[in-house]
Protein chains: 2
Amino acid sequence: MATTKTVGVLGERGGQLGRMLGASASLLNIPIVFLDSGNDTPAKLIVSSSHVDGSFKDPEKIRLLAEKCDVLTVEIEHVDVDALDAVAAEFVSRGLQVHPHPNTIRIIQDKFLQKDHLTLHACPLGRYLEVTETTIAGITHVAERMGLPLMLKSRTQAYDGRGNYALKSLDDVGAALEALGGGERKLYAEAWVPFDIEIAVMVVRGANGEVKSYPPVQTIHKDSICHLVFAPLRNASADKARDVAERAVGTFQGAGVFGVEMFLLANGELLINEIAPRPHNSGHYTIEACETSQYENHLRAILSLPLGSTAMAVPAAGMLNLIPSTKSPNLHLDLTTKALSIPSAHVHLYAKAAPRAGRKMGHITITAPTDDELRNRLRPLLDEDDAERYCRKLPLVAIVMGSDSDLGVMKAAAQMLDEFGVPYELTLVSAHRTPARLTWYARSAVSRGIRVIIAGAGGAAHLPGMVAAQTPLPVIGVPVKSASSPIDGSDALWSIVQMPKGIPVATVAINGAANAALLAVRMLGMNVEMEAYLRKIEGEVLTKIDSIEELGWEAYMKK
Amino acid sequence: MATTKTVGVLGERGGQLGRMLGASASLLNIPIVFLDSGNDTPAKLIVSSSHVDGSFKDPEKIRLLAEKCDVLTVEIEHVDVDALDAVAAEFVSRGLQVHPHPNTIRIIQDKFLQKDHLTLHACPLGRYLEVTETTIAGITHVAERMGLPLMLKSRTQAYDGRGNYALKSLDDVGAALEALGGGERKLYAEAWVPFDIEIAVMVVRGANGEVKSYPPVQTIHKDSICHLVFAPLRNASADKARDVAERAVGTFQGAGVFGVEMFLLANGELLINEIAPRPHNSGHYTIEACETSQYENHLRAILSLPLGSTAMAVPAAGMLNLIPSTKSPNLHLDLTTKALSIPSAHVHLYAKAAPRAGRKMGHITITAPTDDELRNRLRPLLDEDDAERYCRKLPLVAIVMGSDSDLGVMKAAAQMLDEFGVPYELTLVSAHRTPARLTWYARSAVSRGIRVIIAGAGGAAHLPGMVAAQTPLPVIGVPVKSASSPIDGSDALWSIVQMPKGIPVATVAINGAANAALLAVRMLGMNVEMEAYLRKIEGEVLTKIDSIEELGWEAYMKK
């Protein structure tokens, strides 16, 4: 391979990101050395090497690490950047590199500078204001300009909700000031963002400036700490989110992966929340679910190797952080035990010495062939509220019809899907009476996770073809014999089957709704279930054969 | 979690299986200690722990390991079994367990005893005979009874082709004797098996006797060393292979994973070649491709935890061993460099000190959404001969028709699939003239990797429905308007579309072969490509609109 360079990591005591980076380095025989406090930290435990014992803020220890390495990187942005600059200068002659660039870390570690940088580069942000004087008067002044509620944030040393204060009333300014260091720290304010969901995009930036993004994911926070991640994000704004994230990361110097957290508003608008210049919690899922993990891509980027594919290797994935609470101090172990009985639940425990409420002790990634199956697998690991909110049944098949008078025929499709346990949605979409709804419905189907659409219609029967014209999904058409058809449903059959070249509709028999569902099951690749069904209906006929044999055909007919 | 037991591994110096077992143990915080020679071995490098330095044949060192552990296991079967028995007895009071059971290792490490054991339990085997006297006369006697060619094998200490001699002529008996230890070792003979392909099945056996198998894989050996693995095996005998493997493993005592190697003969017969009582090279692919890896399942089994799902999480996977040759001493590094540019190529280097011809330095696992894409990705890593033999294009879609007179219509399906780069096969299958071929063709389609079948027929048009009746795959029917149709193809349309409840055919327009292909592309889930196609045909119409606007409709018509 092209590299035998040693990587040095400025790590957090008890940092899981370094641990996963180390596991990834082992696979490629990349020598890696950690600087963190203690000798039995999560990262050091899985890489046998002569590590450095000390803090990421200690210039002497950073120098000691630099002496052993060819490339320095970080698993936390709150490092001593001046010390990084100093070693980069001192060891320039032997080519020591620091990734991402110290300037990038300097900008990002001060959230206010980070916002100013992004503003300068025209990246979409919510409103924010500097608190020029960290006093009650200074904060009150900003609150009056910005309006309440607002988020008061420490400019530095803030993560996982620490260093944030949601200010809802001017009466609380004193309490806020005390909670955020009592005037010792610099603060700034962010306007309240009424977001729909939170999303995150991991982006990898090569040493040559090449930028590649992973599929956007939905992140769900609890007490300001990442709790759940669903990948990929099923939303029409996914492409736009990738674009925003890639552009934002493109404005920074140096190589490595970056986590870009965003708010998605109800109107489709995207606002960047913050950026992390390192592997990120929202990218843990990439280890099992993507063609290259965020950790391997971080190593590839900082070592000037080709960037790996960021595509997902599985259709759906979810990630749950294992964080004990005061009430459940062993939650991480209890959930691990449960996970052992869940297919494809990949447990990652971080070997941290002392569990503590709010401490990330591990995570579980689940992969699945469908969004719905992912939720089935995840459900037992969540409390009742979360299960109800985040693991509702998601339809794989859509059954639509132009009129409720088609229900008598189309219900057979729903019943057959029930028999196979395939989740579906059933609704009315009329090509002629609700053309706008038709367009919305067909265009949004892919992003909502639908894999097959069954459309029933009678008479002029335009629905299946018009749906097919506005979605890349396979559409199954059911010609419905309406009461008013003068030609027993042939009108609908011809309308549905004789589609022009370019836009096919998979047509079944007149009133063949049950067969439409069976065709959908075949399209979903449920070969085993379909084989069983074929054996079942074969068995039904064989039983009748026996019965005719036994009774004679005349007695059989009288039965 | 339910366990804090420490696992001890009797390891080979430079053993990669221990290394991967250690990586798996880290994820679950399972303490693991290795016994092997040296302090910088592949396994020890990725688990920081107080390991034992010594040989798996040294009773003293085995005892030292046992003192540190609650469960002992092996990554190689050539260990000192008496020493295992001794420590099991000595530490019985504090509950030390040995998995698999020493009796199992004792039987398996002597290949002749292994064969006798399997024969006793009615497992399918090729003929084999003991060489009672390890002399020229003794070998000649066996060769005369068994016939030539035959495989002469050392009963113990044999792996990766070492300890085997292919005896083709009685003139070579002396050379064989010398190659196999010159009379020092016990030998036995196996009749030559004219196999079609070699397959392997990983099986995990719980401490409670529960047995679960992974999908069978095809293995390809080079110079008697595992070279390539394809998962899953696409062959009608796959289910039978699983069954044979599960039954064979069920006859042994103790917990853990077992690798069962088999020969598949041209007539579908399966013969067990040999069994390994540990993780196996043919199961490396499970790390990225299955819901639980063989390594994690080995740990779960020996720790009496619930066994994990053995299902594949991705549609297809392949594994290539990285083995330098005298001609290419750095082959493993060269292939690693190439792999960095291949999507989903997961490199595992074993950190072995000295590369040597024939030494396993690492492996690469590739996952892919289809068998065909897997081969596209694997091809650049193989030499020309292997690429030609193992990475031929594999069809995803089958286009069949009853008569070559349908080709004029059906070629449009082939051309459209070419446009999308979807690999297909095209052939004749006549329901009425070749009914036996019809049955074979439909029933074998799934196991050959076909995902969608397009069937075209005219007149009575039975082909699509009869195919659909004998496969769980979606079948698209194209009504062909034959020259002799008195009703312009309506006969074929009605024959195809009006299938009885239970067996649907996705019917397209009369002569709608191009649309059948487009429907197949939709069924394959190629949403991005289909969106692009829809934009393309939209663009074609928009261009015409501009042209009518510009020229006026009369001039346009004259164009």
Side-chain angles (χ1 to χ4, degrees), chain A residues 1-2 23 26-29 44-48 291 300 305-306 308-309 311 313-314 333 336-337 340-341 343-344 346-349 351 367 446 451 469 472-474 476 493 497-499 501-510 512 514-516 518-519 522-523 525-527 530-531 534 537, chain B residues 1-2 23 26-29 44-48 291-292 300 305-306 308-309 311 313-314 333 336-337 340-341 343-344 346-349 351 367 446 451 472-474 476 493 497-499 501-510 512 514-516 518-519 522-523 525-527 530-531 534 537:
Chain A
M1 201 173 55
S26 291
L27 294 173
L28 290 167
N29 282 4
K44 288 173 180 172
L45 282 172
I46 63 155
V47 176
S48 151
E291 296 192 331
R300 290 178 180 225
L305 297 170
S309 160
V314 296
L333 301 180
T336 293
T337 301
L340 291 177
S341 301
S344 87
H346 298 270
V347 175
H348 296 248
L349 290 175
T367 63
V446 168
R451 301 255 302 274
L473 296 173
I476 302 171
L493 171 60
V497 78
Q498 286 295 108
M499 284 290 290
K501 182 179 162 190
I503 320 279
V505 169
T507 310
V508 293
I510 294 168
N515 268 7
L518 290 168
L519 192 54
R522 289 178 182 231
M523 289 180 186
M526 295 170 63
N527 292 343
M530 184 49 64
E531 276 291 0
L534 291 174
I537 61 177
Chain B
M1 201 174 57
S26 291
L27 294 173
L28 290 166
N29 282 5
K44 288 173 179 171
L45 282 173
I46 64 154
V47 177
S48 151
E291 296 193 330
T292 315
R300 289 177 181 227
L305 298 170
S309 160
V314 295
L333 301 180
T336 293
T337 301
L340 291 178
S341 301
S344 87
H346 298 270
V347 175
H348 296 249
L349 290 176
T367 63
V446 167
R451 300 256 302 275
L473 296 174
I476 302 172
L493 171 61
V497 78
Q498 287 294 108
M499 284 292 290
K501 184 180 161 187
I503 321 277
V505 168
T507 309
V508 293
I510 295 169
N515 267 5
L518 290 169
L519 192 54
R522 288 178 183 231
M523 289 180 185
M526 296 168 63
N527 292 345
M530 184 50 65
E531 276 291 1
L534 291 174
I537 60 176

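In the text below, chain A, chain B and the rest are named by the order of the sequence lines, each starting its count at 1. Only this structure's heavy atoms are used, side chains among them; waters, hydrogens and symmetry mates stay out.
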Nearest 0.5 Å, what's the [atom1]-[atom2] distance between [X] and [Y]?
X: Gln498(A); Y: Leu493(B); atom1: CD; atom2: CG; answer: 6.5 Å
X: Asn515(B); Y: Met499(A); atom1: CG; atom2: CE; answer: 7.5 Å
X: Asn29(A); Y: His348(B); atom1: CG; atom2: NE2; answer: 12.0 Å

Taking every non-hydrogen pair under 4.5 Å, which of Ala514(B), Ala311(B), Ser309(B), Pro306(B) racks up the most with chain A?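 Most heavy-atom pairs within the cutoff with chain A belong to Pro306(B).
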
So which atom in [X] and which in [Y] form the shortest heavy-atom distance, rounded to 0.1 Å?
X: Pro472(B); Y: Asn527(A); value: CB-O, 3.6 Å
X: Glu291(B); Y: Pro343(A); value: OE1-CB, 3.4 Å
X: Leu28(A); Y: Leu349(B); value: O-CD1, 3.7 Å
X: Leu519(B); Y: Pro504(A); value: N-CG, 3.5 Å
X: Pro474(B); Y: Arg522(A); value: CD-O, 3.5 Å
X: Val314(A); Y: Ala313(B); value: CG1-O, 3.5 Å

Applying a strict 4.5 Å limit to non-hydrogen atoms, the region of Ile537(B) in contact with chain A is side chain

Per-residue contact mode, [X] against chain B (heavy atom under 4.5 angstrom):
X: Val446(A); value: side chain
X: Arg300(A); value: side chain
X: Leu473(A); value: both
X: Ile476(A); value: neither

Name all residues meeting the side chain to side chain donor-acceptor pair (under 3.5 Å) criterion together with His346(A); count only those two or more places apart in sequence or in a different chain, and write none if there are none.
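His346(A) satisfies side chain to side chain donor-acceptor pair (under 3.5 Å) with no residue once adjacent residues are dropped.
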
- Item | side-chain contact (heavy atoms from CB on, under 4.5 Å) evaluation trace for Val347(A) with Leu27(B) | CA-CA 6 Å; Val347(A) 175; Leu27(B) 294 173; over 6 Å; no

Notebook entry, point to check: When you look at Leu534(B) and Ile503(A), which way does the side-chain contact (heavy atoms from CB on, under 4.5 Å) test go after all the steps?
Noted result: CA-CA 8 Å; Leu534(B) 291 174; Ile503(A) 320 279; 3.6 Å; yes

Checked Gly308(A), Ser344(A), Ser341(A) vs chain B; the most non-hydrogen pairs under 4.5 Å come from Ser344(A)

